Each structure stands twice: as structure tokens, then as C-alpha cells.
Amino acid sequence: MRHFYGASTNLYERFIMSFYDFFSLLGGVGLFLFGMSMMSTGLKNAAGNQLKIFSK
């Protein structure tokens, strides 16, 4: 029988792997949100006053 986390069935190793996966996911989401923020700031700066037409 093959397990999701490989051949190891040790509860401690599975907990550490899930702990690592959780922080990897958290870091990935953080980088994604940071990139979206940087991109929106750059687009706002590039558009300048032309973007204010849509906000009215």
C-alpha cells in the first residue's frame, strides 16, 4: 500500500511534512499577493491621470 507522503508511516514525519507544506503554501500565497500589489502599483503609476476617468 502506497501512502501519500511516501513509504513512511511515522506520525512525526507526516506531521513535519504537513507543517512544511503549510508554510510553503503560506509563503506562496504571500508572494502571489505581494506580486499582485506591486503590479497594481506599477500599472497605476504607468496609467497616471488616465485611470481617474474610470473612477468617477
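For clarity, every value in this text was computed on a predicted model and none was experimentally measured. Along the sequence shown, residues are numbered consecutively beginning with 1.
Legend: residues meeting side-chain contact (heavy atoms from CB on, under 4.5 Å) with Phe23, ordered by chain and number and at least two apart, are Phe19, Leu26.
Taking all atoms of both residues into account, the shortest heavy-atom contact from Ser37 to Ser40 is O-OG, 3.0 Å.
Grouping Ile, Leu, Val, Met, Phe, Trp and Tyr residues whose side-chain heavy atoms lie under 4.5 Å apart, directly or via other members, places Met38 in a hydrophobic cluster with Phe34.
Leu31 and Met36 are assigned to two separate hydrophobic clusters, defined by single-linkage of ILVMFWY side chains at heavy-atom distances under 4.5 Å.
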